[in-house]
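Following: one structure in structure tokens, then a few remarks.
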Protein chains: 2
Amino acid sequence: MPRTDIPDIVIGRLPLYLRALTRLSKEGHDITSSHELGEQLGISSAQIRKDLSHFGEFGKQGTGYTIQTLSTELQRILKVDTEWQVALVGIGHLGQAIANYGGFADRGFRISHLFDNSPERIGKRVNGLTVTALDEMATVIEEEGIRIAMIATPARSAQQVADILIEAGVQAILCYAPIIISVPEPVRVQYIDPVIHLQRMSYYIDD
Amino acid sequence: MPRTDIPDIVIGRLPLYLRALTRLSKEGHDITSSHELGEQLGISSAQIRKDLSHFGEFGKQGTGYTIQTLSTELQRILKVDTEWQVALVGIGHLGQAIANYGGFADRGFRISHLFDNSPERIGKRVNGLTVTALDEMATVIEEEGIRIAMIATPARSAQQVADILIEAGVQAILCYAPIIISVPEPVRVQYIDPVIHLQRMSYYIDD
DNA sequence: TAGATTGTTAATCGATTAACAATC
DNA sequence: TAGATTGTTAATCGATTAACAATC
């Protein structure tokens with residue numbers, strides 16, 4: 001159970017630590033240090049140690065951290081030590097690309113259901129999954145106990161889709177539509193809008 | 001020219017303000033207030049006023065902000081009042097979806113060049129653009145004066161691609177590869193890794 | 001005018017960092 | 001042992017918010 005007194009900004013860095021550890025492991029390292037991790041991530045070593053200290057003591061003075069151990073701990077803390085089923089809604093260009101994306105495997109998530117309301121797409125197969133009608137979504141989500149969903153519909157449909165998902169039991173939504181959706185209290189939403197990132201960078205271009 | 005004393009965290013919120021204004025405008029509003037904007041974004045009205053005050057005075061006491069005026073000002077500040085050409089590298093599933101994505105139009109960016117190194121993809125047409133060989137990338141970027149690029153290659157190629165882009169004059173990179181790339185000082189990088197967002201949310205799921 | 005909202009200041013709040021004892 | 005690195009405390013730094021005079 002999450003300890004409610006841990007700042008969300010700390011939680012937000014844990015996945016970065018996990019990703020960096022995975023990379024170091026792939027490169028053949030067995031042990032690392034807060035300094036090495038910080039170097040790789042552009043974060044101070046003090047911050048990494050402070051962040052981890054919220055959850056326990058995972059290192060050894062003079063040595064550092066065993067990558068395997070720390071990875072396992074972070075996976076447990078983030079609840080990605082088992083695989084979540086994820087529903088994907090909206091199977092247009094973007095949705096299909098997401099469905100075909102191989103990067104979810106081994107990071108705790110597996111797209112298990114595809115939904116769309118367009119007659120041309122319903123019944124279509126994408127990466128081994130069949131697109132199901134939006135009408136059936138609530139039932140399927142409930143029956144399967146799905147807790148995480150991604151929305152890749154046009155902006156105008158996103159709020160309505162979110163309402164249905166939440167009603168059916170979804171607690172976390174990753175929204176690709178460029179619109180802020182309203183959700184009730186315990187539900188989490190994160191957004192992916194590439195233009196926001198581009199605009200944040202264009203400010204700094206001198207040219 | 002960016003005033004270097006303005007915190008990056010403030011710059012990061014300006015695109016959100018711009019997006020919210022665009023939405024309000026589409027809904028038929030002409031005028032808004034820091035309170036209304038904050039409501040929509042989940043940000044305090046005081047913060048919005050403080051952020052904007054770094055750049056000038058755009059509102060009117062007792063009334064609020066003219067949406068059209070504030071939008072234009074934000075576009076100017078963020079340098080998206082003209083359209084940037086953007087190079088896209090890596091034309092696999094994800095790259096093709098990005099190339100087909102319609103959401104860049106009118107927000108300051110236009111994908112103008114596609115690059116890949118796979119013989120099957122070179123010469124192929126995607127959304128009206130022809131995929132060019134990676135070998136020619138440096139030359140094209142330089143000749144066209146391209147300053148912004150997106151990387152949608154596998155993680156293992158991302159650093160090498162970034163090096164070429166930067167050498168050719170690119171100053172801002174949006175990286176879809178799940179890896180942190182090293183770049184020299186003035187160059188900006190932003191990342192899009194959906195799993196990071198999912199892991200940040202799974203922590204909070206009680207179930 | 002009365003009501004509303006801005007821009008700004010000062011206070012508060014929270015996050016980051018520096019430093020170091022503990023100890024492997 | 002000597003060197004290195006952790007976990008933690010206290011200090012610093014920076015961001016957010018409350019409050020309000022100015023004024024439309």
Side-chain angles (χ1 to χ4, degrees), chain A residues 2-18 20-21 24 29-74 76-77 200 203, chain B residues 2-18 20-21 24 29-74 76-77 200 203:
Chain A
R3 291 152 62 176
T4 51
D5 55 340
I6 296 171
D8 180 61
I9 197 163
V10 172
I11 305 303
R13 282 190 291 262
L14 300 186
L16 302 176
Y17 300 164
L18 183 55
L21 288 167
L24 287 168
H29 295 68
D30 292 323
I31 286 173
T32 188
S33 64
S34 58
H35 180 78
E36 187 177 43
L37 276 173
E39 186 93 345
Q40 188 169 130
L41 291 164
I43 289 176
S44 79
S45 61
Q47 180 155 86
I48 291 173
R49 295 197 301 280
K50 185 114 210 289
D51 284 352
L52 295 177
S53 76
H54 284 100
F55 303 95
E57 307 189 356
F58 307 117
K60 202 176 261 181
Q61 284 105 323
T63 310
Y65 303 91
T66 305
I67 290 174
Q68 182 55 56
T69 307
L70 187 53
S71 286
T72 302
E73 289 291 344
L74 286 175
R76 183 186 53 75
I77 292 164
R200 183 178 189 152
Y203 172 82
Chain B
R3 291 151 63 175
T4 51
D5 55 342
I6 296 171
D8 181 61
I9 198 163
V10 172
I11 304 303
R13 281 190 293 261
L14 301 186
L16 303 176
Y17 300 165
L18 183 55
L21 289 167
L24 286 168
H29 295 68
D30 291 325
I31 285 174
T32 188
S33 65
S34 59
H35 180 79
E36 187 177 44
L37 277 173
E39 186 91 346
Q40 189 169 131
L41 291 164
I43 290 177
S44 77
S45 61
Q47 179 155 87
I48 291 173
R49 295 197 301 278
K50 185 114 210 291
D51 284 353
L52 296 177
S53 76
H54 284 100
F55 303 95
E57 308 189 355
F58 307 117
K60 201 177 262 184
Q61 284 105 322
T63 310
Y65 302 90
T66 304
I67 290 175
Q68 182 54 56
T69 307
L70 186 53
S71 285
T72 303
E73 288 292 343
L74 286 175
R76 182 185 54 75
I77 293 165
R200 182 177 191 155
Y203 172 82

| task | Return the residues of residues 38-46 of chain B meeting this criterion: a heavy atom under 4.0 Å from some atom of DNA chain D. Order them by number, or give none. | result | Ser44(B), Ala46(B)
| request: Using heavy atoms and a sub-4.0 Å distance, could you list which residues of residues 63-71 of chain B are near DNA chain D? By number, please. | output: none
Of all residues at least two apart in sequence or in a different chain, which pass the side chain to side chain contact (heavy atoms under 4.5 Å, CB included) check with [X]?
| X | answer |
| --- | --- |
| Gln40(B) | Ala20(B), Arg23(B), Leu24(B) |
| Ser44(A) | Ala46(A), Gln47(A) |
| Asp8(A) | Ile11(A), Arg188(A), Arg200(B), Tyr204(B) |

| message | Expected output check: what is the dot-bracket annotation of DNA chain C, where ( ) and [ ] are pairs inside the strand (brackets for crossing ones), | is paired with another strand, and pairs are Watson-Crick or G-U under 3.5 Å? | response | ..||||||||||||||||||||||
| message | Distance under 4.0 Å to a non-hydrogen atom of chain A counts as contact; along DNA chain C, which nucleotides mark the start and end? | response | dA15(C) to dC24(C)
| request: Enter the distance from Tyr17(B):OH to Leu70(B):CG here, rounded to the nearest 0.5 Å. | output: 10.5 Å
| Which distance, rounded to the nearest 0.5 Å, do you find between the CD1 of Ile31(A) and the CD1 of Ile67(A)? | 8.0 Å
| message | Contact between Ile77(B) and Leu14(B) at the side-chain level, heavy atoms closer than 4.5 Å - yes or no? | response |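 Yes - at least one pair of side-chain heavy atoms lies under 4.5 Å apart.
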| field | Side chain proximity check, Leu18(B) to Pro15(B), heavy atoms < 4.5 angstrom | value |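 When only atoms from C-beta onward are counted, Pro15(B) and Leu18(B) do not touch, as no gap falls below 4.5 Å.
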| request: Return the 5'-most residue of the pair Lys60(A), Val10(A) with respect to DNA chain C, ranking by each residue's nearest nucleotide. | output: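 With Lys60(A) and Val10(A) compared, the 5'-side residue is Val10(A).
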| remark: Comparing nearest nucleotides in DNA chain C, the 5'-proximal residue of the pair Lys50(B), Gly62(A) is Lys50(B)
| message | Applying side chain to side chain donor-acceptor pair (under 3.5 Å) as the test, list every pair that has at least one member in residues 55-69 of chain A; sequence neighbours left out. | response | Gln68(A)-Thr72(A)
| task | Taking all heavy atoms of Ser34(B) and all of Ile48(B), pick out the closest pair and write down the distance. | result | O-CD1, 3.7 Å
| query | Which atom pair, heavy atoms only, marks the closest approach of Ile6(B) to Tyr203(A)? | reply |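 Nearest heavy atoms, Ile6(B) then Tyr203(A): CD1-OH, 3.9 Å.
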| said: My understanding is that only residues two or more places apart in sequence, or in another chain, count here; which of them pass salt bridge (Lys or Arg N to Asp or Glu O under 4.0 Å) with Arg13(A)? | reply: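 Residues passing salt bridge (Lys or Arg N to Asp or Glu O under 4.0 Å) with Arg13(A): Asp51(A).
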| request: With sequence neighbours left out, write down each residue that passes side-chain hydrogen bond (donor to acceptor under 3.5 Å, both in side chains) with Thr32(B), or none if nothing qualifies. | output: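 Per chain and number, Thr32(B) pairs via side-chain hydrogen bond (donor to acceptor under 3.5 Å, both in side chains) with Glu36(B).
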| said: Show me the pairs that pass salt bridge (Lys or Arg N to Asp or Glu O under 4.0 Å) and involve residues 61-73 of chain A, at least two apart or across chains. | reply: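 For residues 61-73 of chain A, and leaving out neighbouring residues, the salt bridge (Lys or Arg N to Asp or Glu O under 4.0 Å) pairs sorted by first residue read Glu73(A)-Arg76(A).
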